[in-house]
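Excluded from the calculations below are hydrogen atoms, water molecules and symmetry mates; all remaining heavy atoms, backbone and side chain alike, are included. A note on names: the letters A, B, ... follow the listed sequences, proteins ahead of strands, and every chain is numbered from 1.
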2 protein chains.
Amino acid sequence: MSSATHRPRRRADAERSIARIVAAARSCLSRNPDATVDDIAKAAGVGRMTLYGHFPNRAELVEAALTDALRIGEETLSSVDVGGDARDAMTRLLESSWSLVAESAALLQAAQGVLPAGRLLALHAAPAERVEQLIRRGQGEGTFRTDLPMTWLVNAVHNLMHAAAEEERAGRLAAEDVARVVTASVQSLLAVPPAGPAR
Amino acid sequence: MSSATHRPRRRADAERSIARIVAAARSCLSRNPDATVDDIAKAAGVGRMTLYGHFPNRAELVEAALTDALRIGEETLSSVDVGGDARDAMTRLLESSWSLVAESAALLQAAQGVLPAGRLLALHAAPAERVEQLIRRGQGEGTFRTDLPMTWLVNAVHNLMHAAAEEERAGRLAAEDVARVVTASVQSLLAVPPAGPAR
DNA sequence: TCTAACTCGTACGTTGATGTACGAGTTCTG
DNA sequence: CAGAACTCGTACATCAACGTACGAGTTAGA
């Protein structure tokens with residue numbers, strides 16, 4: 001591997017255009033998953049033809065946008081301290097990531113309609129892995145439950161963030177309350193349930 | 001109000017066609033939210049023109065399908081015993097409703113793209129009300145938490161069912177485990193959290 | 001400065017879905 | 001059984017988005 005994507009010797013100019021296009025794509029698709037190629041080009045302040053000069057079709061554009069969003073997410077996430085008490089670490093993780101999930105919800109939906117299913121999973125593996133490791137550590141320390149499948153726990157956490165974002169968009173939840181609500185819910189979900197006769 | 005929908009004196013024949021169309025719409029849209037009017041007509045074993053004879057446009061067809069799905073849901077739900085311990089009642093409610101949510105997830109998405117936002121909320125009010133009342137009762141009895149907004153709790157429960165359905169479709173969760181996983185998660189979410197210093 | 005890379009408008013061909021028009025055949029229902 | 005209601009195919013008009021073709025102008029960079 002020489003670099004991230006093997007470079008076909010692009011001009012600095014083109015590099016800039018591509019960056020603007022990807023940024024515009026993220027922004028547009030995050031607001032409306034059905035945004036047109038035209039919309040995106042306009043938002044990028046670029047002709048549609050220029051766009052097609054860099055991305056052969058809409059699908060690859062969507063994938064590029066999603067990849068970029070995930071890359072940014074990775075950066076943010078990797079700066080979170082996941083040491084110490086697993087519960088506290090989870091809270092910190094949620095506080096930094098709920099807004100990311102909120103912003104790219106629509107983008108994810110756009111990708112779902114265009115990308116093959118496996119491709120999506122592959123792209124999502126990294127962030128999911130991060131959450132999974134933390135949960136696993138908490139399980140080892142006895143602070144998180146072990147009676148439900150790991151994939152479920154990860155997915156449920158993700159969905160709770162998603163739900164909170166939806167709630168905020170709908171105006172039923174103030175922005176400053178989102179973090180509290182999400183963390184409280186997730187902590188309840190992950191905590192070891194009180195032992196008791198099978199209910 | 002004379003009846004459900006004021007009747008313009010339809011023939012028994014037409015009534016039957018409409019029923020088949022609505023059923024087909026539910027089935028198709030539940031598999032693919034972007035199903036074509038054509039697809040639906042074919043699935044109903046009916047010409048596209050017949051369909052347009054009863055529904056002026058796609059949007060009204062989608063709405064009819066959703067309304068029907070919710071009506072069926074109401075019927076099932078209203079047969080659930082919501083008396084006794086609130087936790088047990090919630091478990092019974094979840095066991096009967098998770099599959100409904102699973103089946104009409106795509107249908108809901110279809111409606112989201114076509115119906116005005118307020119219309120959706122109005123249609124969903126009834127089932128949401130049912131869950132809300134049960135939660136409220138549990139809160140009064142001290143078995144459910146009161147530290148989070150009611151709308152959030154309702155929405156979170158709905159989303160957990162949704163997540164479980166997704167998990168099953170993806171093959172990461174066996175059908176017979178869904179109910180257990182959902183109920184365990186929801187019970188954890190709704191239970192009164194152990195008192196403790198603000199974490 | 002000279003050339004290759006890049007920008008970008010206009011125009012076109014294609015595809016796929018929506019909804020309309022017409023009209024002939026079929027089936028209720030009074 | 002007669003007429004109204006219903007079915008339904010074919011054909012058509014529309015529309016919106018995708019992706020391609022061409023070509024002239026502009027800019028980077030050796």
Side-chain angles (χ1 to χ4, degrees), chain A residues 5-25 27-29 31-66 106-107 109-116, chain B residues 5-25 27-29 31-66 106-107 109-116:
Chain A
T5 57
H6 52 85
R7 48 187 59 212
R9 310 265 289 92
R10 272 192 300 248
R11 239 166 58 175
D13 190 358
E15 214 85 49
R16 229 178 315 140
S17 281
I18 292 178
R20 294 177 64 190
I21 290 171
V22 171
S27 150
C28 286
L29 292 171
R31 260 177 292 116
N32 170 20
D34 297 324
T36 305
V37 172
D38 216 89
D39 295 338
I40 296 171
K42 278 197 173 55
V46 118
R48 199 163 64 101
M49 303 326 300
T50 303
L51 193 156
Y52 272 111
H54 296 296
F55 300 91
N57 52 46
R58 190 175 185 280
E60 295 219 14
L61 176 57
V62 172
E63 175 161 345
L66 182 62
L107 175 55
Q109 192 187 332
Q112 225 147 9
V114 168
L115 264 51
Chain B
T5 58
H6 52 86
R7 49 187 60 212
R9 310 256 304 85
R10 272 192 300 248
R11 242 167 57 178
D13 190 356
E15 215 83 51
R16 228 178 314 139
S17 281
I18 292 179
R20 295 177 64 192
I21 291 172
V22 171
S27 149
C28 285
L29 292 172
R31 259 176 293 115
N32 170 20
D34 296 325
T36 306
V37 172
D38 217 89
D39 295 337
I40 296 172
K42 279 200 171 56
V46 116
R48 198 163 64 99
M49 302 326 298
T50 303
L51 194 157
Y52 272 110
H54 296 296
F55 300 91
N57 52 47
R58 191 174 184 278
E60 294 219 16
L61 176 57
V62 172
E63 174 161 346
L66 182 61
L107 175 54
Q109 194 187 331
Q112 227 148 8
V114 168
L115 264 52

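- Atom CG of A:Asp34 and atom C1' of D:dC18 are 14 Å apart (whole Å).
- Using a 4.5 Å cut-off on side-chain heavy atoms (C-beta onward), B:Glu63 and B:Val114 make no contact.
- The outermost nucleotides of DNA chain C lying under 4.0 Å from heavy atoms of chain B, listed 5' to 3', are C:dA17 to C:dT29.
- Distance A:Phe55 CZ to D:dC18 P: 15 Å, rounded to the nearest Å.
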Just distance, no hydrogens or angles: give the donor-acceptor pairs under 3.5 Å from side chains in residues 47-55 of chain B, sequence neighbours left out.
from	atom 1	to	atom 2	distance (Å)
B:Arg48	NE	B:Asp38	OD1	3.4

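- Separation of atoms CG (B:Asp39) and CG (B:Asp34) is listed at 10.5 Å; rounding is to 0.5 Å.
- A residue-by-residue look at A:Arg58 and A:Asp13 shows that A:Arg58 has its nearest nucleotide of DNA chain D further toward the 5' end.
- Across every non-hydrogen atom of B:Ala64 and B:Val22, the tightest pair is O-CG1, 4.1 Å.
- Within residues 43-51 of chain B, the residues that place at least one heavy atom under 4.0 Å from DNA chain D are, in residue-number order, B:Val46, B:Gly47, B:Arg48, B:Met49, B:Thr50.
- The CG atom of A:Asn32 lies 11.5 Å from the CG atom of A:Leu107; values are rounded to the nearest 0.5 Å.
- Put simply, CD1 on A:Ile40 is 12 Å from C1' on D:dA17, counting in whole angstrom units.
- For D:dA28, neither phosphate oxygen OP1 nor OP2 lies less than 4.0 angstrom from any side-chain nitrogen or oxygen of A:Arg11.
- For the pair A:Leu29 and A:Ala35, the tightest heavy-atom approach, listed with the atom from each and the gap, is CD2-CB, 3.9 Å.
- The separation between B:Tyr52 atom OH and D:dA11 atom C1' is 15 Å, rounded to whole Å.
- The heavy-atom pair separating A:Ala110 from A:Pro33 by the smallest distance is CB-O, 3.4 Å.
- Put simply, the side chain of B:Val37 does not reach to within 4.5 Å of the side chain of B:Asn57, judged on heavy atoms.
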